Amino acid sequence: MLGALCGEPADNTGNPVTSADQTRPDVRLVTDAAALVEAVRELRSAPVIGLDCETTGLDPHGDRLRLIQLAARGCVCLVDCFRVRPCELARLFQGPGAPLIVAHNAKFDLQFLMAAGLPVPPRLFDTMLAAQILAAGTPEARQVSLADVAARYLGETVDKSEQTSDWSGELTAGQLEYAAHDAAILLRLYDALREELRTARLGNTAGLENRALPAVAWMEHTGIGFDAERWLELGLAAERRRDELARELTATAGAEDLFGNSTVNWASPEQVAEVLRRRGHEVTSTDEATLRSIQDREPLVPLILAYREASKRVGTYGERWAEHVHARTGRIHASWRQIGAASGRMACTRPNLQNLPRDPAYRSCFRPGAGRVFVKADYSQIELRIAAEIAKDRRMIEAFQRGEDLHTLTARLVLGREAVTPEDRQAAKALNFGLLYGMGVQRFRDYAELHYGVQLSLEEAAELRRAWFRTYPGVRRWHRAQPDGEAETRTLGGRKRIGVKSFTEKLNTPVQGTGADGLKAALALLWTTRDRCPSAVPVLVVHDEIVLECDVAEAEQAAVWLSECMRQGMAQFLRRVPVDVETKIIADYGGTPATVEPEPDLESAPF
DNA sequence: ACTGCTCGCGCG
DNA sequence: AAAGCGCGCGAGCAGT
Ligand SMILES: Nc1ccn([C@H]2C[C@H](O)[C@@H](COP(=O)(O)OP(=O)(O)OP(=O)(O)O)O2)c(=O)n1
Ligand SMILES: [Mg+2]
Ligand SMILES: [Mg+2]
């Protein structure tokens, strides 16, 4: 049955397959070492090769590679990994003149190659990333399955019914046919997407994404160590607090039925709003800003907010996290979306590791293995620096050249005093970025009151806000220079977002997106220079922050390496503004200090 | 039981 | 809630 695929294509019934495709390639099934050597010899001369892997499941740590499909122009090789060890493919992927490897969602295939001990091809083109880059800002950016992309750019329909079939048994003709087609279509897609990228002037962005891609696969494959026991303890404490607060809310509101049970579900915004309206507050929302505005007249408000905080911890940061611990590795392998936002930022799901509570009790549950540490590096004031460059604000540029800290300055401006705590500085971020991206005076005033306790009249708030814009007059000009109507924006790296509608989006997108460009350039550098720190692996990316895990002995080296990659990655986009990276060596993600013994200095050693 | 929506909120 | 932006997740709720 398998032999049929080596020559004439056949379907499951053994009948010849008819196809409209006149250029159907030669399909070859490789089931022994000699055939693999021969296949690699032939493929090695191809400049571009489509790669697709069929696996027994979606988990590179648990499931197995079954079939590796390699498509050159006019020739598809299917390597049956149950019959032949694919190590020989290292010769295809590596060395001078190695081919460009084209794959769809290559992060998936790369993780299986990594698990199999195969090298990561040095030159990659991911058709999914390309489609996301081209569609940034449109709903199509979220519909990027191979079938979607093939339909969009080739007008071809792809049958995915075999994708989820059983790949652990005897391979059927239908499966082999499907596998060959999937790989072959990648080459045509590559041609079409490369042309689209060229005409949209997005080639540089695609290059950047494809260079960052191995680091993202590396990070996902690595996962991160997690102390589930301590995490669950925090959940139980939050649960007790939540239930206590619910009882107190019910008692305070007098919302008990005959049995003393609550008639209100405090987790329902609708019911909370109804309670508040009955108590004389004309609210249409119950978010924190609304609740704060009635806090003076409503004793339930602090209880509701505390209840919400506890509920958040029980729900979003609760016991379900134990399900994310991988049975084999004992670590959490979140799913990283390399292009997760319309701006170009990454995103993270199942679970989202980019919005862990800042509370060290939670963050310290993420820990390196024994004898290892985390090295965490975060860009300083990054979007202010980028905005200074984009808006060409002389005052802001010069402030950065002098090494000033604008978050601290803004905290001082609003507080009216010199002394600023780390919390004050953290709060100033929302003010700086709020004003930078178009926040109005009303919201500015309420924020200042809530976080700094400074009560301002609307006129006083307006004056402070004007003072901020007087300090950075280039930012005000930049605001006024924004065009009306729908626009497309570009980052300093050339990344494009289309359909940008509102004034505030037009301000934010190129700045946030440039930050993503720089961070991805840093990831690309980390991958290509990883030999500088052999024990180091990436474990987290949090927008302008990268966390590595490495041996204690290599920590200092890793810190230098990481900060250099990050500086270089970002600095290429900033001509006038310096880039600063804050790097720390820590025993866990909560920031527990690491007691690091520096690497022995061999140069000056006595022997 | 599942899907799709809104609301609210965690993070950068 | 207000001209800050970008995400993902859980709960409630309505519809099936
Ligand atoms: N409320 C916020 C917080 C952050 N950001 C964006 C802009 C920041 O530059 C970027 C990174 O967040 P950080 O917390 O790292 O803030 P900074 O880099 O500005 O400051 P720091 O020097 O503390 O790193 O995320 C934002 O838009 N709005
Ligand atoms: Mg930062
Ligand atoms: Mg940060």
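Note that these values count all heavy atoms, side chains included, but never hydrogens, waters or copies made by symmetry. Because the structure is predicted, anything quoted here is derived from the model rather than measured. A, B, ... follow the sequence lines: proteins, then strands. Residue 1 opens every chain.
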> So what does E545(A) touch, heavy atoms closer than 4.0 Å: a base, only the sugar-phosphate, or nothing?
Replying inline: nothing

>> Aromatic contact between Y472(A) and H479(A), with the criterion being ring centroids under 6.0 Å apart: yes or no?
In response: no

> Quick one: the side chain of N355(A) and the base of dG10(B), do they pair up donor-acceptor inside 3.5 Å?
Replying inline: yes

>> Whole angstroms only, please: what is the CZ-C1' distance between R308(A) and dC7(B)?
In response: 9 Å

> Choosing from dG12(C), dA2(C), dG12(B), which nucleotide comes nearest the side chain of Q442(A)?
Replying inline: dA2(C)

>> Return the pairing partner of dT3(B) with a 3.5 Å limit on both distances, Watson-Crick or G-U wobble; otherwise return none.
In response: dA14(C)

> Between T284(A) and S502(A), who's closer to the 5' end of DNA chain C by nearest nucleotide?
Replying inline: T284(A)

> Quick one: which of I397(A), D393(A), L384(A) gives a side-chain contact (heavy atoms from CB on, under 4.5 Å) with V577(A)?
Replying inline: I397(A)

> Rounded to the Å, how far apart are L291(A) CG and dA1(C) P?
Replying inline: 10 Å

> Quick one: does D446(A) reach the base of dA1(C) with a side-chain donor-acceptor pair under 3.5 Å?
Replying inline: yes

> Between the side chains of H407(A) and N432(A), is a donor N or O closer than 3.5 angstrom to an acceptor N or O?
Replying inline: yes

> Which residue lies toward the 5' end of DNA chain C, G340(A) or S293(A), if each is placed at its nearest nucleotide?
Replying inline: S293(A)

> Just how far, in rounded Å, is P of dG4(C) from CG of N508(A)?
Replying inline: 13 Å

> Do you see a donor-acceptor pair shorter than 3.5 Å between the side chains of H333(A) and D59(A)?
Replying inline: no

